[in-house]
Amino acid sequence: MKKSVVLLSVMACIFAMFRYPSVMINPGQLLEGHKKIKNDCSACHVMFRGISSEKCISCHKLSEIGMKDRDSTRADRKSTLFHQNLSGQECTACHTDHLGANPEKSFSGFSHDMLQGAAANCLGCHKKPADLYHEKFTENCSHCHSTDKWKPSTFDHSKYFLLDKKHNAECITCHTNNNYGSYTCYGCHEHSESKIAGEHREEGIYNFSNCASCHKSGNEHDIKIPLEYRQGNESQDKSGSKKKEKKKKSKEDDDD
Amino acid sequence: MTRSILFKNVLPYLIWYIALFLATILIDYVLHKLQLVYLGRYLGPAGTFIVIISFVYSLQKRRIINWASPKLLLDVHEILAWIGSLMIMVHAGIHFNALLPWLAILLLIIAVASGFTGKGLLNIAKTELTEKKKQLLKTSISEKEVEDKLFFDSITVDIMKKWRVVHLPITLLLGLITLLHIVSVIMYGK
């Protein structure tokens, strides 16, 4: 009796697997364009052999892929026609269908080396980050970003300002309002505007709006004044040196 | 007495059973947090393998093998089945959408529950049997007569049989449904 119940249950499952595969074994929802074939696994799958690229190509002609972009969110992008050069490649190396936990992982097999000529235009596929810094760039993404991954970029921040231990902060701390073209040093508790102004004026420095131009290393004692500042602030420097000398002298007097 | 049975025999297994679900949720959370969700894919086959190993106890019980003491193998069966079930449940929680794997998980949950119940009932039956034996020995009847009068022995067997009615067919069905799941993955996988 028990055995027959078990056997019947298994047979019912096997029947349902073949009769209603989308309910019984479908690992996830199909993409919009494939929904009509949800019960016909063999439309894409060859039993025990996986997914045949020929089956994909029978509907999706390589030379036409990308010509009709149905995704309205990609309206700003140019069509990226490069599939015609990919004969002999497995479609499943880059594409999958059933939406699982990580559909984005399905593109792990994609290599930018596949892109040739005009197709190798980043903006043909990628959307430009919506921040004020990236807004001004229209090309040369590779100047900062590699094709391996978007982050981290090869952009060398230390050329402008060294992010040492004391300055290991979130970008937004200095680059406020999503604007990476400007910065502020007053984003943390350490540097208040009045304190910095006081310290600089004491040294006779009145042009201190661009902190990183002199304090590139992040060390307040490592000061490298650029040439244009030296010329422009020569008079300031002189008065500053006089003040320094005066300060030093008064200190010496105090010591005596 | 009821209170004692509840605390001694039911509660420990209930805690282990609840811990199975809590551990599943915790591991699932950690895998998502560390972006290691893909590991869940491999926990299914690994967990199934561990559960299969735990069936060494069943082979010993049926005298197909004779490696170690049944008590030791029962402990091993319980521990490995719990660990394997945990891995399978994490695997299931991470990527399953279809009915067949759901059925397999439902059967797994019932199989584990019936396993714990069986172990609990066994302990209850043993306790009751010992108590009854003590009481009978206090009377003037001989040990032989006590043995004869130990009708609780039969009750124990009955209870065990009732437990096995659930545990064995469910485990068998679980094995077969799991097999169907594996075959379907091989059939339609990449």
Side-chain angles (χ1 to χ4, degrees), chain A residues 1-30 37-53 55-56 90-106 108-109 149 151, chain B residues 27-44 90-108 110-111 114 161-190:
Chain A
M1 176 64 185
K2 279 180 279 172
K3 278 181 186 170
S4 58
V5 170
V6 171
L7 199 67
L8 274 173
S9 307
V10 173
M11 283 173 73
C13 280
I14 294 171
F15 170 77
M17 268 172 69
F18 286 97
R19 186 73 184 82
Y20 309 104
S22 68
V23 178
M24 291 301 285
I25 54 173
N26 183 354
Q29 286 296 309
L30 290 170
I37 52 168
K38 66 175 185 179
N39 265 324
D40 184 12
C41 306
S42 59
C44 301
H45 295 268
V46 180
M47 273 195 197
F48 300 106
R49 286 189 191 171
I51 297 158
S52 147
S53 294
K55 290 208 171 194
C56 306
E90 286 288 327
C91 304
T92 52
C94 298
H95 300 278
T96 188
D97 199 318
H98 304 277
L99 298 174
N102 282 323
E104 70 278 6
K105 291 269 182 195
S106 60
S108 58
K149 48 189 170 186
K151 284 183 179 177
Chain B
I27 294 171
D28 186 77
Y29 174 78
V30 170
L31 288 180
H32 276 92
K33 198 82 182 165
L34 300 176
Q35 295 186 324
L36 295 172
V37 174
Y38 71 94
L39 285 178
R41 193 176 287 263
Y42 306 106
L43 289 179
V90 174
H91 163 76
I94 277 169
H95 63 104
F96 79 134
N97 304 277
L99 195 60
L100 191 74
W102 268 107
L103 267 176
I105 283 299
L106 184 67
L107 290 169
L108 178 80
I110 297 171
S114 67
K161 272 183 183 171
K162 279 178 190 168
W163 156 62
R164 286 163 68 102
V165 161
V166 180
H167 192 62
L168 295 185
I170 289 286
T171 308
L172 178 64
L173 193 57
L174 166 65
L176 292 170
I177 298 286
T178 306
L179 192 65
L180 285 182
H181 169 58
I182 294 167
V183 168
S184 71
V185 169
I186 295 169
M187 270 169 73
Y188 293 113
K190 262 189 184 178

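Keep in mind the model is a prediction, meaning the values are calculated, not measured. Proteins get letters first, then strands, A, B, ... in listed order; numbering begins at 1 in each.
Partner of A:Ser9 under the side chain to side chain contact (heavy atoms under 4.5 Å, CB included) criterion, chosen from B:Leu172, B:Leu107, B:Leu173, B:Leu103: B:Leu173.
Most heavy-atom pairs under 4.5 Å with chain B: of the set A:Leu7, A:Ile25, A:Val46, this distinction falls to A:Ile25.
The shortest heavy-atom contact between A:Val6 and B:Pro169 is CG2-O, 3.9 Å.
The structure places CE of B:Met187 at 10.0 Å from OG of A:Ser42, a figure rounded to the nearest 0.5 Å. Put simply, CD1 on A:Ile14 and OG on B:Ser184 are 11.0 Å apart, with the number rounded to the nearest 0.5 Å.
Using a 4.5 Å cut-off between heavy atoms, B:Ile177 touches chain A through its side chain atoms alone. Proximity to chain B involves both the backbone and the side chain of A:Met47, based on heavy atoms less than 4.5 angstrom apart.
A 6.0 Å sphere centred on OH of B:Tyr29 holds no more than 12 heavy atoms belonging to other residues, nucleotides or ligands.
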